[in-house]
Amino acid sequence: MRALADALAARGVSLPVEQVALQLDWSGGEHGDLALPLHRPAKSLGRPPADLATELAAAFPPVAGLLPATAVGAFLNFTAEPRRLAETTLRSIFERGPAYGHLDGPAPPVCVEHTSANPTGPFHVGRVRNGIIGDTLARVLAATGAPVTSQYYVDDVGRQAAMITWIWSKPLPEWPQEIRAVLPAEDDPRERADRRLGRPYPAVSQYLKTHPEAAGEVQAISRALESGRPPASHHALVDKVLNGMLASLARIGIRFDELVWESRFLTTGEVERVVARLGAAPHAVTEPNGARAIDTSSYGLPKDSARVIVARGDGTTLYATRDVAYHLEKFSRFPRVIDVLGQDHHLHARTLDALLAEIGESRRPEFVIYQDITVPEGGRMSTRHGKAVYLDDLLDEAETRARAEILARHEDLPPEEVAAIARTIAASAVRYHILRVAPDKTVAFRWEDALSFEGRSGPFLQYSYARASSILRKAEAEAGPWPFDPDRLTTPPERALIKRLSLLPGVVARVARTTHVHALAGFAHQLAEEFNRFYETTPVLKAEAERASRLAVVAATRRALGNTLDLLGLAPLERM
RNA sequence: GGGCGUGUGGCUUAGUCCGGAUAGAGCACCGGGUUCCUAACCCGGCGGCCGGGGGUUCGAAUCCCCCCACGCCCGCCA
């Protein structure tokens, strides 16, 4: 299929119209696989487009793997020769196996930083959108042949982390009453650390607004953290909360190659060097109170935020300054650097760009910006405003429902297997539900949608995979691999399915280029849909002459769908 | 006020970067389908002046301009 564009371009030159190749477009419709609109060239020739189409169709030389070009109205249509498409597609899937859909590479090493939520407590669904996008992007980039490193930037020196240490370093009797009130009457030892240790956080945040003396204590801890003398319990505490949070993410398949602790850049002196470089920068200014700043008005930032403070009068630094140090380190290791950020960080991204420019750094991270997840009452999901749905709660509910669905279908499965399948279904439902929406679109969270196992959902993909597995399981007595005869794969559902299978590598390439991971989610649904149509209309095990060839189609679909699930971070299921 | 983003059937959305044929899908609703490989499925139907207006073009959901609505950001927080 790829060769088609080249073949046409080569011939296009010999045709009277030069810009032919530029008009090529995937139509994917009933008219053909590739369509060439001829309105423009016809106009420049002063001829009716339909005439030109007819003439070109007749004159177009045969191309290997293509049916003869046809003229429909003003369009010149090309269709892949189904026999050959089946042949090359199935063969490629069987040869490449788990790598089908992957590109040959190599591609330059890339760093994907995502999630990086402050270690202050459990994840709500809004925060998890970052990880779902980032983790999926990392998987797709790896499939292009790039060595990928995913990073979680742990802010262990900021005010948020200081708040956690502040409250937990006090003996319980000394806790302010309004904070203590949020603790449950009895400690549940089974509770994970992020939930237990993060529980007081919203109350602390509230309390500090009205209690300056407490805010002062937190400030003191903050300074201690920045100066590299953290309270004894600090690191272990943050580590515990963080590990609880990571366990939560692991439930939906999100994982990290590296945890990057922000404190590291302070202790190595890298932040200090950044401050020095910024002090010597072209637009460096010093505020009356001794704070160091950069005037970024020449970078087109909104004028109200044109002055970016990089160090306070007391010498302590701010998030943006430390982020510069972090990015310099990333640039030293990776030719390509991607940051996944919520839209509330958009201004920060532009500020970071400006600061990098100020110190003469020419490289920039690529930002993948996504919009909020909102709640039905309005506004975005937020722990502090008490408008949050926690990932664990959502997954727990999804598991409960999945279990009921499984039990309604299978009475004989051992409980452990039911539980394992339910976990997998729950994870895919939640992950897919977030993944399917374009990142620049706000997601309005609704329980009934997030818990859907039907239609455009993760479980639908898994169900399709399970159906394919089931057929192959039943056929196994006769053992694969299945030889196929392209001449026996001629029904419309078969052809449509095979065409879809052939598209996966192109989708991977496009997603890697655009970072639009939701497009892969869309492809997965189309593939599963195509397979289900095939499944409903085309007998496989009971077929006679076509049996082996159809089994090959099922095996190829199972493979390609499995690879796609893997790229999406969803687990395949042999039965469900 | 300034900046960024979004607006597509009742609801959720794809397509917008790179303009082309009848704007794809899911949910809901209506009507069908299981002696046959898992009905978490399939088939059919209903439902769209693509926020509004202007412009460019043979052709606009897509490009340009203006307006409206909604969300977020505009800290010596992160």
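Below, chain A is the first sequence line, B the second, and so on; all start at residue 1.
Residue-level contact check: A:Leu318 touches the backbone only, with heavy atoms under 4.0 Å from sugar-phosphate atoms and none from bases. Residue-level contact check: A:Ser116 touches neither bases nor backbone, having no heavy atom under 4.0 Å from any strand. Among the protein residues, A:Asn289 comes within range of the nucleic acid bases, having at least one heavy atom under 4.0 Å from a base atom. Among the protein residues, A:Thr442 comes within range of the sugar-phosphate backbone only, with heavy atoms under 4.0 Å from sugar or phosphate atoms but none that close to a base. Residue contacts for A:Arg380: at a heavy-atom cut-off of 4.0 Å it reaches the sugar-phosphate backbone alone, with no base atom in range. Here A:Glu574 lies in heavy-atom contact (under 4.0 Å) with a base. Across all strands shown, A:Arg322 has heavy atoms under 4.0 Å from sugar-phosphate atoms exclusively, and none from any base. A:Ile425 comes within 4.0 angstrom of a base, heavy atoms only. Across all strands, A:Ile406 comes closer than 4.0 Å to base atoms (heavy-atom distances). A:Ala293 comes within 4.0 angstrom of no nucleic acid atom, judged by non-hydrogen atoms across all strands.
Note on A:Arg409 versus A:Glu405: salt bridge recorded, some NZ/NE/NH1/NH2 to OD/OE distance being below 4.0 Å.
Note: A:His525 and A:Phe460 meet the aromatic proximity criterion, with ring centroids under 6.0 Å apart. For A:His348 and A:Tyr319, the ring centers sit closer than 6.0 Å to each other. In this structure, A:His39 has its ring center closer than 6.0 angstrom to the ring center of A:Phe75.
The number of heavy atoms from other shown groups lying within 6.0 Å of CZ (A:Arg127) does not exceed 12. Other residues, nucleotides and ligands contribute more than 12 heavy atoms inside 6.0 Å of the CD atom of A:Glu448.
Remark: the A:Asn77 side chain and the B:rA21 base include a donor-acceptor N/O pair separated by less than 3.5 Å. The base of B:rG59 has none of its N or O atoms less than 3.5 Å from a complementary donor or acceptor on the side chain of A:His39.
Pairing of B:rC37, defined by two Watson-Crick or G-U wobble distances under 3.5 Å, is not identified with any nucleotide. In this entry B:rU62 has no Watson-Crick or G-U wobble partner, no candidate having both defining distances under 3.5 Å. When both pairing distances are held under 3.5 Å, B:rG47 makes no Watson-Crick or G-U pair with any nucleotide shown. If you check B:rG10 for Watson-Crick or wobble pairing at under 3.5 angstrom, you find it paired to B:rC27. Nucleotide B:rC4 forms a pair with B:rG71, judged by Watson-Crick or G-U wobble geometry with both contacts under 3.5 Å. B:rC18: no Watson-Crick or G-U partner with both key distances under 3.5 Å is found in any strand.
Taking the C1' atom of each, B:rU6 and B:rU16 are spaced 13 Å apart, rounded to whole Å. A distance of about 11 Å separates the C1' atoms of B:rG26 and B:rA14, rounded to the whole Å. Annotation: B:rU35 and B:rC46 have their P atoms spaced 28 Å apart (nearest Å). With P as the reference atom, B:rU38 and B:rG20 are 42 Å apart, rounded to whole Å. Atom C1' of B:rG2 sits at a distance of 29 Å from the matching atom of B:rU8, rounded to the whole Å. Distance noted for atom P between B:rG59 and B:rG54: 16 Å (whole Å). Taking the P atom of each, B:rG51 and B:rU62 are spaced 8 Å apart, rounded to whole Å. Taking atom P in both B:rC64 and B:rG5, the straight-line distance is 12 Å, to the nearest Å.
Remark: C1' of B:rC41 and CG of A:Leu561 are 14 Å apart, rounded to the nearest angstrom. Put simply, CZ on A:Arg350 is 6 Å from P on B:rC4, counting in whole angstrom units. Look at CD1 on A:Ile164: it is 16 Å from P on B:rA78, rounded to the nearest Å.
Within the 4.0 Å cut-off from OP1 or OP2 of B:rG71, not a single side-chain nitrogen or oxygen of A:Lys441 is found. For the OP1/OP2 pair of B:rU12 and a distance below 4.0 Å, the side-chain nitrogens and oxygens of A:Arg436 include no atom meeting the criterion. For B:rA78, the OP1/OP2 oxygens have no side-chain nitrogen or oxygen of A:Tyr319 closer than 4.0 Å.
Residue A:Phe75 and nucleotide B:rG20 are not classified as a stacked aromatic pair, given the requirement of ring centres less than 5.5 Å apart at an interplanar angle below 30°. An aromatic stacking contact between A:His345 and the base of B:rA78 is absent, as defined here by ring centres under 5.5 Å apart and ring planes under 30° from parallel.
A donor-acceptor contact closer than 3.5 angstrom is absent between the side chains of A:Arg380 and A:Thr374. For the residue pair A:Glu113/A:Ser116, the side-chain donor-acceptor check at 3.5 Å is satisfied.
Here B:rA39 is the nucleotide among B:rA39, B:rU12, B:rA78 with the atom lying nearest to any side-chain atom of A:Tyr463. For A:Arg409, counting side-chain heavy atoms from C-beta on, the closest listed nucleotide (B:rA78, B:rA40, B:rC4) is B:rA40.
Both tests do not hold together for A:Arg129 against A:Tyr370: distance to the six-membered ring centre under 6.0 Å, angle to the ring axis within 45°.
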Legend entry - Nucleic acid footprint by protein, nucleotides 25-36 of chain B - heavy-atom cut-off 4.0 Å, B for base, S for sugar-phosphate alone: SSS-----B--S
